[in-house]
Visitor: 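If you scroll down you'll find the structure; I have some questions about it.
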Amino acid sequence: MISKNAVSKFGDLKTPFYYYDLNVLKSNLDTLKKESQNSGYKVHYAVKANANPRILKIISSYGFGADCVSWNEIDSALKAGFDPSKVVFAGVGKSDYEIKNAINAGIYCFNVESIPELEVIEQFASELNKTVQIALRINPLVEAHTHKYITTGVEESKFGIHTWELENVLKALTAMKHIILIGIHFHIGSQITRMAVFQSLCTHINELQDWFANRNVDLKVVNVGGGLGIDYKNPDKAPVFAEYFNLMHEFIDLKPGQELHLEPGRSVVGQCGSLISKVLYIKKGSNTIFAIIDAGMTDLIRPALYQAHHKIENLTSKGSIYKYDVVGPICESSDTFARYIELPETHRGDIIAIRSAGAYGEAMASRYNLRDLPGTVFSDEL
Ligand code: LLP
């Protein structure tokens, strides 16, 4: 729920903007910290979900690590106070300067996705006279049952190393004197709501663990990636961290001394953010009424890109219910937040909240149509 106090202030602010409820964020982080402490599992927050400096600072203050996918994300994480010894670097296409900078920054681990990438890391580590820790990102072939654009662990995925290549990877690693293999890494997709998917991932990981053990390869870290979904229909519902951690505990067989690492992104920040916008025009269509708002797909691309559902609320009107298509001002028909949804009778100037937008909202905003980037407002500033 967006507080009445906040709503009463929104009218004076320049829209659109992301509103972050820090109480929601902190309550999530408290739960995550408790689960992490009880289980001993280590959390690396996936910075890509929301890299707002203030959000990063709050998350780093809980002592979590950071999962980054570019040098700029690593740099932002370090500036926000994350400890380099808790930073991991993932991604299928790390560029030369990103690898060199990350080696120099002394990050904890590179999650490596191919033999050619290993060769480049070995070369730069050797040139810089450093030793680098890596984990192998493996494609476990587990269907995530989520949108195909955010499914990453199936046969045709560009991500991860196929199991049939692992023998060659181990062979290549024996010649690499500046690389230490410390673990295995997985990430099969995002917005996963079927818990059975994670159970299936655990089964595959257990099999792979045996494969490595049979070859006398010691692995200190098993990293299961991110992916825990949130309830977009109920924006006030917290993510099911306890269920998720319990599932891992029940189904993953860790070897003595092994650490389990997790990389949640969306579940950490999704429910704390709403995109706040004003209604510009109400326009009659042939079969619908358009509520044209001042936020567009440049501010929140998820509905246009993944047909994602975000709950939309009219925060300032309370009349009879009508059906609306809520659309933005961008010159694309995909610039539609929702079709045929029920809202109280809506007028020019009403304030609209698009909920559950804390993850992959601000982070994916663009300047298409040369629009300004959305602003940000934090609950403690009002
Ligand atoms: N670890 C790795 C290696 C990842 O690739 C990702 C997300 C995560 C962790 C965090 O996953 P999460 O817990 O947030 O599901 N833009 C899309 C989501 C893309 C996710 C990419 N990888 C969206 O708006 O739905």
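Read the numbers this way: they start at 1 and go in the same order the structure lists the ligands and their atoms.
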Visitor: Quick one: ring-ring contact (aromatic ring centres under 6.0 Å, His included) pairs with a partner in residues 348-382, sequence neighbours left out?
Guide: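 Checked against ring-ring contact (aromatic ring centres under 6.0 Å, His included) - neighbours excluded - the pairs reaching residues 348-382 are Tyr20-Phe378.
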Visitor: Could you check ligand 1 for N or O atoms lying under 3.5 Å from protein N or O atoms and list the pairs with distances?
Guide:
from: ligand 1; atom 1: 1 (N); to: Asp67; atom 2: OD2; distance (Å): 3.2
from: ligand 1; atom 1: 1 (N); to: Glu263; atom 2: OE1; distance (Å): 2.7
from: ligand 1; atom 1: 5 (O); to: Lys48; atom 2: NZ; distance (Å): 3.4
from: ligand 1; atom 1: 13 (O); to: Gly227; atom 2: N; distance (Å): 2.9
from: ligand 1; atom 1: 13 (O); to: Gly265; atom 2: N; distance (Å): 2.9
from: ligand 1; atom 1: 14 (O); to: Arg266; atom 2: N; distance (Å): 2.8
from: ligand 1; atom 1: 14 (O); to: Tyr360; atom 2: OH; distance (Å): 2.6
from: ligand 1; atom 1: 15 (O); to: Ser190; atom 2: OG; distance (Å): 2.4
from: ligand 1; atom 1: 15 (O); to: Gly227; atom 2: N; distance (Å): 3.2
from: ligand 1; atom 1: 16 (N); to: Tyr306; atom 2: OH; distance (Å): 2.8
from: ligand 1; atom 1: 24 (O); to: Arg302; atom 2: NE; distance (Å): 2.6
from: ligand 1; atom 1: 25 (O); to: Arg266; atom 2: NH1; distance (Å): 3.2
from: ligand 1; atom 1: 25 (O); to: Arg266; atom 2: NH2; distance (Å): 2.8
from: ligand 1; atom 1: 25 (O); to: Arg302; atom 2: NE; distance (Å): 3.3
from: ligand 1; atom 1: 25 (O); to: Arg302; atom 2: NH2; distance (Å): 2.9

Visitor: Can you pull the ring-ring contact (aromatic ring centres under 6.0 Å, His included) pairs that have at least one residue in residues 161-190, sequence neighbours excluded?
Guide: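 As it turns out, the ring-ring contact (aromatic ring centres under 6.0 Å, His included) pairs with a partner in residues 161-190, which skip direct neighbours, are His162-Trp164.
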Visitor: Measure up the Phe82 and Tyr45 rings against each other and bin them: parallel (under 30°), tilted (30 to 60°), perpendicular (over 60°).
Guide: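 If you compare the ring of Phe82 with that of Tyr45, the planes turn out parallel.
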Visitor: With a 6.0 Å cut-off on ring centres, are Tyr281 and Phe290 close enough?
Guide: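 That pair fails the under 6.0 Å test.
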Visitor: Could you work out, with side-chain contact (heavy atoms from CB on, under 4.5 Å) as the rule, every residue matching Tyr149, not counting sequence neighbours?
Guide: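 Only His147, Leu305, Tyr306 meet the side-chain contact (heavy atoms from CB on, under 4.5 Å) criterion with Tyr149.
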Visitor: Is a side-chain donor-acceptor pair under 3.5 Å present for Asn72 with Ser70?
Guide: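 No - no donor-acceptor pair under 3.5 Å links their side chains.
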